[in-house]
Trainee: 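I'd like to ask you about the structure that follows.
Quick caveat: nothing in here was measured; it's all calculated off a predicted structure.
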Amino acid sequence: MRTSYILTLSVPAADLRVRLAEIPGAVFVRELPPDRVVVVLESPAGRPALSHLPGVAAVQDDLPRRLH
C-alpha cells in the first residue's frame with residue numbers, strides 16, 4: 001500500500017532527491033514551504049529509512065484533512 005509522508009528538511013530539497021535513490025520505491029512528489037517535501041513510499045515499512053536519511057529533521061504521515 002502506497003503511503004505519503006511530509007518530511008521536514010535541514011538540507012536543500014535537491015540534496016534529499018539524490019538520497020531518495022537509496023530507498024527502493026521512494027518517489028519525490030513536491031516541495032512545501034518552509035523546508036518541507038512530500039514523499040511517497042511503496043509501503044509503510046520504508047518509513048524508518050526516511051527518518052535516517054541525512055538532512056531529514058522530522059517525518060510525519062500525510063493524512064487527509066477535512067476542509068471547513
Side-chain angles (χ1 to χ4, degrees):
M1 176 173 78
R2 294 175 54 117
T3 309
S4 64
Y5 298 97
I6 298 174
L7 310 181
T8 303
L9 304 178
S10 62
V11 298
D15 292 352
L16 175 75
R17 289 181 113 164
V18 172
R19 293 293 200 161
L20 279 179
E22 299 173 13
I23 302 174
V27 177
F28 182 93
V29 176
R30 65 182 172 157
E31 290 188 50
L32 300 172
D35 302 320
R36 297 178 305 148
V37 298
V38 178
V39 173
V40 172
L41 298 177
E42 290 296 322
S43 128
R47 183 182 175 148
L50 278 180
S51 64
H52 288 97
L53 286 176
V56 174
V59 178
Q60 72 181 69
D61 295 342
D62 185 14
L63 300 174
R65 291 174 181 82
R66 232 180 248 203
L67 297 175
H68 294 264

Trainee: Restricting to salt bridge (Lys or Arg N to Asp or Glu O under 4.0 Å), what partner residues turn up for E42, sequence neighbours left out?
Mentor: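 Applying salt bridge (Lys or Arg N to Asp or Glu O under 4.0 Å) to E42 gives R2.
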Trainee: According to salt bridge (Lys or Arg N to Asp or Glu O under 4.0 Å), who are the partners of R47, at least two apart in sequence or on a separate chain?
Mentor: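 For R47, the residues satisfying salt bridge (Lys or Arg N to Asp or Glu O under 4.0 Å) (neighbours in sequence not counted) are D61.
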Trainee: When clusters are formed from ILVMFWY side-chain contacts under 4.5 Å, directly or step by step, what else is grouped with I23?
Mentor: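 I23 clusters with Y5, L7, L9, L16, L20, F28, V37, V39, L41, L50, L53, V56, V59.
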Trainee: List the residues meeting side-chain hydrogen bond (donor to acceptor under 3.5 Å, both in side chains) with Q60, not counting sequence neighbours, and say none if there are none.
Mentor: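 Applying side-chain hydrogen bond (donor to acceptor under 3.5 Å, both in side chains) to Q60 gives none.
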Trainee: How would you list all residue pairs meeting side-chain hydrogen bond (donor to acceptor under 3.5 Å, both in side chains) that involve residues 14-30, not counting sequence neighbours?
Mentor: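 Checked against side-chain hydrogen bond (donor to acceptor under 3.5 Å, both in side chains) - neighbours excluded - the pairs reaching residues 14-30 are R19-E22.
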Trainee: Can you tell me if S10 uses its side chain to pair, donor with acceptor, with the backbone of G55 under 3.5 Å?
Mentor: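 Such a contact is found between S10 side chain and G55 backbone.
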Trainee: Kindly give the heavy-atom pair with the smallest separation between S43 and T3, and that separation in Å.
Mentor: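 So the two residues come closest at C-OG1, 4.4 Å.
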Trainee: Partners of S4 by side-chain hydrogen bond (donor to acceptor under 3.5 Å, both in side chains), sequence neighbours excluded?
Mentor: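 Here the qualifying residues are D62.
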